[in-house]
*Asks:* 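This is the structure I want to talk about, given as structure tokens.
None of these values were measured; they are calculated from a predicted model.
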Amino acid sequence: MTHRYTSWNRYPRATQRVRLQRWRFDSLPLPEEAHESALPFGNGRSYGDVCLNDGGSLIDARPLDRFIAFDQDSGLLRCEAGVLLDEILALTVPRGWFLPVTPGTRFVTVGGAIANDVHGKNHHRAGTFGCHVPAFELLRSDGSRRLCSPESHPEFYRATIGGLGLTGLITWAEIRLRRISTPLIETETQRYDTLDAFFELSAESDARFEQTVAWIDCLAGGARLGRGVFIRGNHAEISPSQPPRPSRRRVRIPVGPPFSAINPATLRLFNAAYFHGHPPGVQRDLVHYEPFFYPLDGVGDWNRIYGPRGFLQYQFVVPRTVGPDAVREILERIAQAGVGSFLAVLKVFGDPVSPGLLSFPLPGVTLALDFPNAGRKTFALLDQLDAVVRQAGGRIYPAKDARMCGEDFFARYPHWPRLDALRDPRFDSSFRRRMRGDLT
Amino acid sequence: MRKILIIGATSAIARATARRFAAAGDRLFLVARQAERLQAVADDASVRGAECVATAVMEALDDSRHAQIIEQAAEALDGLDTVLFAYGTLPDQSACEASFEQTRAAIEINLLSVISLLTILANRFESQGRGCIVVISSVAGDRGRQSNYVYGTAKGALTLFLQGLRNRLHRSGVRVITVKPGFVDTPMTASFKKGLLWVSPDTIARGILNAIDSGATVVYLPWFWRYIMLIIKAIPESLFRRLSL
């Protein structure tokens with residue numbers, strides 16, 4: 001029963017009792033013992049321990065998977081919080097509407113997307129997911145239900161967006177969708193050789209392209225430091241007579257290898273092959289939205305390739321002015337350590353501000369990395385990276401964290417006390433206890 | 001576009017099936033006991049593309065209302081061509097052993113109330129000369145076993161009733177489909193430990209739509225249950241009585 005209830009990187013492991021929330025108007029299935037805490041759980045795609053509650057209970061909200069209303073003219077969708085973004089796309093794309101913001105996987109629930117205030121390749125234009133959620137219902141352990149919006153219970157509205165599930169259970173939410181003419185994306189892909197080139201490309205692209213992101217080869221050091229592939233795109237207005245389709249082929253990692261298949265040798269091979277797989281110059285293409293937004297969703301259970309010890313995600317943001325230097329320093333340290341990341345994603349965030357008190361993005365540069373869990377060695381490297389982020393005035397993304405220290409968290413998320421004051425007294429998480437230094 | 005009545009519309013299998021009907025643009029009339037849940041299922045079907053969705057709250061045991069509900073459905077949908085029976089309870093076997101009242105209640109809901117509705121529907125479909133009746137029975141009705149023979153009795157008798165009905169209605173062009181799911185992960189089976197043979201309600205829903213489209217008569221879902229039950233039925237009684245199944 002507990003096996004399914006891990007975070008996506010399968011570290012840390014936690015044991016918790018699970019109860020299902022089957023209908024949105026049912027009361028919360030709380031543990032009988034008054035001292036035992038509960039935490040909402042969606043589809044387990046966050047990393048680290050924000051979705052875990054070791055020694056306590058989880059409220060599985062996936063059964064809340066019903067649509068409630070959809071206005072085809074305005075694009076306003078109301079649905080229950082356990083609906084997956086994948087289910088929304090399947091419903092609305094054929095009707096000409098797309099998610100306003102999407103993370104790199106479509107297998108997250110609406111409730112999870114709000115609780116972690118997720119972002120995507122269009123942050124410079126659209127901000128976070130929470131910017132497009134005009135209202136939702138919050139169910140608390142005392143049985144109270146609040147309609148939360150900027151006008152109604154605004155303090156709960158702001159605390160729950162990015163609130164890591166601690167303020168209560170989101171039962172349903174409204175999402176303002178974005179109109180599209182086709183399910184296709186016009187893309188431009190180009191490889192670039194230096195970190196400076198990335199920032200130039202980014203500055204030039206953000207005005208003309210709704211979606212921008214770069215993959216970087218974090219094993220390349222010296223003069224090639226920061227080299228990578230820049231990807232930008234817009235929703236296509238016109239579809240050709242034979243439009244590209246999503247691949248029907250689904251690969252799945254059936255069982256995890258007994259050790260991580262990601263090691264320095266395979267990484268170096270993959271990174272170099274990916275970089276050189278892109279010829280110099282701009283490659284223009286018209287692709288279906290699935291491979292563009294969700295390249296990894298085509299590989300089921302890809303998290304298993306890291307073996308039983310799992311892996312560690314690391315995503316930080318640093319302010320614009322110090323961004324290039326901080327990113328360079330971090331890439332240097334990773335290259336020196338030789339424990340490169342398989343998926344290193346670099347993106348410049350924009351100015352849109354989320355209503356969420358604990359929202360992660362800041363105007364600046366964000367880098368997302370993942371490392372096989374090699375124990376102390378990996379943790380020591382990440383501690384070094386923390387020091388650089390701290391120095392630069394940046395912060396770490398709680399939804400991807402399994403090991404930052406509470407001091408850094410409290411210092412860089414100054415609104416935390418306002419959120420914690422609105423926390424549901426019966427709700428708690430492994431993440432919150434770790435930040436507070438509580439013993440569990 | 002089909003005109004479909006679903007009785008027990010808030011059950012897990014019914015909900016998964018209703019979604020598929022809705023996505024195909026069918027008209028739906030949904031019947032269940034609890035108004036709030038029923039409305040949630042109806043709204044979902046409506047957003048997913050059902051051409052129209054109407055509902056009625058009904059207690060299946062209240063057979064005085066059966067004819068009226070079917071009439072109401074035919075009126076709301078402007079005709080009726082498909083009916084799905086998807087309600088039932090899983091009685092506590094040991095409680096039934098201790099009390100005839102419990103056994104009778106289990107048989108009334110799982111067998112007699114269905115027969116009441118089927119009687120009205122069969123006559124209606126026979127006179128209109130077409131229609132498709134889909135009833136969820138169970139592999140539990142294929143052989144009596146100590147662990148759930150009361151439920152098995154209700155489902156086994158239901159299967160037999162459907163077999164006769166199918167035979168009777170064949171010449172009127174009315175189809176009767178008996179669906180026998182194996183282990184399905186639903187609220188009804190929430191307390192069971194789940195193993196490899198368990199499937200999601202949507203797998204059953206897909207099988208039900210295939211059965212409607214393919215002209216099947218008796219379908220085991222998933223298909224391998226046909227062979228599992230063949231083996232179980234083939235065990236001689238002298239041996240079977242010693243097994244703890």
*Asks:* Taking 4.5 Å as the heavy-atom cut-off, does anything in residues 45-59 of chain B contact chain A, and if so which residues?
*Replies:* B:V47, B:R48, B:G49
*Asks:* If the contact rule is any heavy atom under 4.5 Å from chain A, which residues of residues 2-34 of chain B qualify, in numerical order?
*Replies:* B:T10, B:R15, B:R19
*Asks:* What residues of residues 82-102 of chain A sit under 4.5 Å from chain B when only non-hydrogen atoms are counted?
*Replies:* A:L91, A:R95
*Asks:* Report yes if the side chains of B:R37 and A:D26 come closer than 4.5 Å at any heavy-atom pair, otherwise no.
*Replies:* yes
*Asks:* Name, in order of residue number, those residues of residues 55-66 of chain A that have a heavy atom at a distance of less than 4.5 Å from a heavy atom in chain B; otherwise write 'none'.
*Replies:* A:D65, A:R66
